[in-house]
Amino acid sequence: MSALLACALLLGCRPERRPPVGPPTDMPVGVAPTTGVTRDVHSVSHPDEVVVTHTGLDLAVDFDTHVLRGAATVAIKRHDPSAPLLLDVRDLEIRKVQTGQVRDLRPLATAAVAWKDATYTVEDGEFGGALGVTLPENADAVRIEYTTAPGASGLQWLSPEQTADGTSPFLYTQSQAIHARSWIPCQDTPGVRSTFDAEIHVDRELTALMAAKGLPSEEKGTFRFEMDQPIPSYLVAMSVGAVEFAELGPRSGVWAEPSVLASAVSEFGNVEAMIDAVETLYGPYRWERYDILVLPPAFPFGGMENPRLTFATPTILAGDRSLVALIAHELAHSWSGNLVTNASWGDLWLNEGFTVYVERRVMESLYGREREEMEAMLGKQDLVKELAELPELEQRLSTDLTGRDPDDGLTNVPYEKGALFLRLLEETYGRDAFDPFLRRWFTEHAFTSVRTSDFEAFVKAELIEKHAPLAGKAPVDLEGWIHNPGMGPGAPQPESAAFDVVDAALASVLAGEVQVKKLQTESWTPHEWLHFLRALPASFSPEDMGTLDDAFGFTTSTNSEILAQWLETSVRRGYRKTDASLEGFLLRVGRRKFLTPLYRALIETERSADAKRIYAKARAGYHPITQRTLDALVQGR
Ligand code: BES
Ligand code: ZN
């Protein structure tokens, strides 16, 4: 008799399939009788009963079959001694579940403990499944042996051809928002924080990295890590590939494929100054090191603020540091998000709006107000455009995402409306009051998860009640900004003299006063060009586009933001000389923010056939997150 069968017959420890479970309904969200931790509509966990406090990962990376295989050991705190442990899982093959007593044993990844087989269930759920483990009286830890699925939503396995150097395969994780559960059984809610340690085994000459502290390891192919600050599951991150390291400053550096490293080093030369800038404003950097990993171009986002190790798209390597606001953004998350975390995805603006606000303050401090204002203008343009199309329900800062996948609700609202709201508070009360106020928000809530109501209460008590608006400033309508749709009342208006010049130049061209190639554009930065391209009127003909292209060579731009904007405008204006460049871009880049408008432009200009044809070729190279968005858009699924 096999061990598994014996176990099943004798101990009843085989997983049972149960009917799907919905979000927790037995306790009202927002009520936490014992622990201060509330439940989350995107997680099956009941952290108010049993909460994970530390995680040990022991995983082998299998590039042949595209799976991670190993074990996760979770140390738990039991507030309700009769309650089971509930973990989020998605497409995990669970092989064995055991319980034991570890007390404060560390590291946990490979701890030698007298494990006992446990009774457990796996149930289907709305956003994955629920692993329920019955806990014997003294158990304070659970060990789960599992294998991930080759199509795990939080992993992307790249072939050598999909990397910059083309020599080795590459694996990276993207856990935000709810994909950690596809590679680690966990309480996958930003309301729960866990420390962790990990041992990663790689059977090739590749480097494993985690968003954690790397520890020395004697064994070749084994990489050890430790994260001794408690973080939410969405910030657990790993990559395996042929990357090298270069130092940027005393506490910062960059990892990239060898052919990309030099350009990354020069692009990110200001990182140390950025860290200093945030520290001056909002208090010490709490994560010791700040490194950046430049991923292959398939990465679905611009950046991801994994603690100690930002993951970044190579599309920000413009050669002139024009796109480094993205690094300022991910760095800013070290305060807004990683230190003070949104407790649920409906509170995302507490992460992203605060981060855009801090990002702009960093950009102002390093590059001056003019550049910051150009970026703020471009951001507000995005928001205004999107608000015109978005259902009202999605226009609020604080949203109810019950029944919705948080990946689907990613708009400019939490980002740009959130940032404008903070800017309005800043302008109303002045930096003398607002800067220390925000600094205290971060220090007083460090390493905790917060809700919109926490911020509302904090603003009222610490800003509004303690300070009067500056002379001539109206009080801020908190309720209107946080809970109502639309642009908030009295929204700040960024001002850019440089953009006024661009507007005037374009107007003179449109009026037939100046020839395009005679425009005085020598001093224009990519921001000004971007503004120019966005402002091109709908009446622009393909010939007009050709004239512009001949004068300025947009189709061969090496700035991804300019190229993406130009390609979209080209599609919309019927300018077909960019077709080859467009197809190349769609096949090479996986960044969802660029791809969505490009495919949409094709579809909306009756070129669905082209969209479908290119997508059929490109889809396999895209990340599952990008695939999901584009399946819906291009294939109508
Ligand atoms: N944390 C986000 C990325 C994210 C958000 C992933 C929600 C999954 C769910 C990251 O910090 C981010 O905002 N990235 C932006 C760049 C930023 C400069 C606006 C991006 O990827 O475009
Ligand atoms: Zn962000």
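Both counts, for ligands and for their atoms, begin at 1 and track the order of listing.
- Atom CD1 of residue I562 and atom CZ of residue F554 lie 7.0 Å apart, to the nearest 0.5 angstrom.
- Contact of the I200 side chain with the F225 side chain is registered, since non-hydrogen atoms from C-beta on lie closer than 4.5 Å.
- Polar contact check, Q174 against ligand 1: no nitrogen or oxygen pair lies under 3.5 Å apart.
- In terms of N/O distances under 3.5 Å, ligand 1 is approached by E352.
- N270 and Y367 share a side-chain donor-acceptor pair at under 3.5 Å.
- Cation-pi geometry between R591 and F594 is met: under 6.0 angstrom from the ring centre, within 45 degrees of the axis.
- Qualifying side chain to side chain contact (heavy atoms under 4.5 Å, CB included) partners for A177, counting only residues two or more places apart in sequence or in other chains: W345, P406, D407.
- If you look at L410 next to ligand 1, the close heavy atoms, those under 4.0 Å, all belong to the side chain.
- For a threshold of 3.5 Å applied to N or O pairs, the pair formed by M304 and ligand 1 contains no separation below that value.
- Among heteroatoms of the N, O or S kind in H333, NE2 lies nearest the Zn ion (ligand 2).
- Between F354 and W335, a ring centre-to-centre spacing not shorter than 6.0 Å is recorded.
- For ligand 1, the atoms lying closer than 4.0 Å to a non-hydrogen atom of Q176 are 1 (N), 2 (C), 3 (C), 4 (C), 5 (C), 6 (C), 7 (C), 8 (C), 9 (C).
- Listed by number with element, the atoms of ligand 1 under 4.0 angstrom from any heavy atom of G302 are 20 (C), 21 (O), 22 (O).
- Scanning for side chain to side chain donor-acceptor pair (under 3.5 Å) contacts around E373 gives R423, with sequence neighbours left out.
- Heavy-atom proximity to E330, at under 4.0 Å, picks out these atoms of ligand 1: 10 (C), 11 (O), 12 (C), 14 (N), 16 (C).
- Vertex the Zn ion (ligand 2); arms to E352 OE1 and H329 NE2; angle rounded to 10 degrees, 100°.
- The contact set between ligand 1 and Y415, taken as ligand atoms under 4.0 Å from a residue heavy atom, comprises 2 (C), 5 (C), 12 (C), 13 (O), 19 (C).
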